Amino acid sequence: MTERRDTQSAETTHSVWEALPHATVRYQTVCSPVKDNPEVPCTYGLACLTECQGAWVQTDCIEDVSPSRDNVLCLASQFNRLGLSPVHFRDAVLDSING
């Protein structure tokens with residue numbers, strides 16, 4: 001699994017979310033091209049977006065969660081329906097992969 005990591009530490013990320021307890025969050029799928037494998041043109045991941053001054057800002061992204069678009073769309077839908085906190089985003093994705 002390939003993932004993009006922010007330069008902030010986990011402690012910093014948690015303190016940001018504690019300061020913004022009522023931030024509006026949504027999750028959406030992202031598509032990443034796969035090189036050197038013509039059978040799998042892309043893999044799908046999840047982006048965590050937060051509303052900031054009327055615009056959606058990507059605050060975290062995990063690429064290459066699954067080659068199945070439908071599986072990742074269902075996961076994004078579930079996270080949105082449940083109102084998953086960004087603090088738990090990475091753990092929830094890992095749990096879904098390992099589950």
Side-chain angles (χ1 to χ4, degrees):
M1 180 170 77
T2 307
E3 61 185 41
R4 185 182 322 158
R5 293 187 181 258
D6 291 343
T7 56
Q8 295 178 327
S9 70
E11 294 167 356
T12 305
T13 303
H14 286 275
S15 64
V16 168
W17 292 116
E18 289 168 4
L20 300 170
H22 301 292
T24 303
V25 178
R26 75 177 186 194
Y27 299 91
Q28 69 181 31
T29 58
V30 294
C31 181
S32 302
V34 175
K35 297 177 184 174
D36 305 326
N37 189 349
E39 294 178 19
V40 181
C42 65
T43 61
Y44 298 90
L46 284 166
C48 175
L49 300 120
T50 305
E51 188 175 23
C52 181
Q53 298 178 352
W56 289 100
V57 178
Q58 182 176 306
T59 54
D60 200 355
C61 184
I62 303 174
E63 297 176 345
D64 196 14
V65 172
S66 173
S68 169
R69 179 178 176 260
D70 290 339
N71 288 350
V72 179
L73 281 171
C74 287
L75 195 57
S77 177
Q78 182 179 17
F79 288 177
N80 287 323
R81 183 174 36 82
L82 296 172
L84 180 72
S85 168
V87 173
H88 302 293
F89 172 57
R90 289 187 170 267
D91 288 335
V93 171
L94 286 174
D95 287 348
S96 72
I97 292 170
N98 296 326

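The residues of the chain are indexed from 1 along the displayed sequence. This one's a predicted model, so the numbers in the text were calculated from it and none came from an experiment.
- In this structure, the side chains of L75 and Q78 come closer than 4.5 Å at one or more pairs of heavy atoms.
- For residues 58-83, every residue pair satisfying the ring-ring contact (aromatic ring centres under 6.0 Å, His included) rule, not counting sequence neighbours, is listed here: Y27-F79.
- When every heavy atom of V65 is checked against every heavy atom of G45, the shortest pair comes out as CG2-CA, 3.7 Å.
- Residue W56 comes nearest to L49 through the heavy atom pair CZ3-O, 3.8 Å, listed as atom of the first residue, atom of the second, then distance.
- Scanning all heavy atoms of the two residues, the minimum distance from R90 to C61 falls at NH2-O, 3.4 Å.
- Here CZ of R69 is found 10.5 Å from SG of C74. Values are rounded to the nearest 0.5 Å.
- For CG of D36, the number of neighbouring non-hydrogen atoms (other residues, nucleotides, ligands) closer than 6.0 Å is 12 at most.
- Atom CG of N37 and atom SG of C42 lie 11.0 Å apart (nearest 0.5 Å).
- Residues V30 and V25 do not share a hydrophobic cluster, clusters being chains of Ile/Leu/Val/Met/Phe/Trp/Tyr side chains in contact below 4.5 Å.
- To the nearest 0.5 Å, atoms CG (L46) and CZ (F89) are separated by 5.0 Å.
- Panel note: side chain T29, backbone L73; no donor-acceptor pair is recorded below 3.5 Å.
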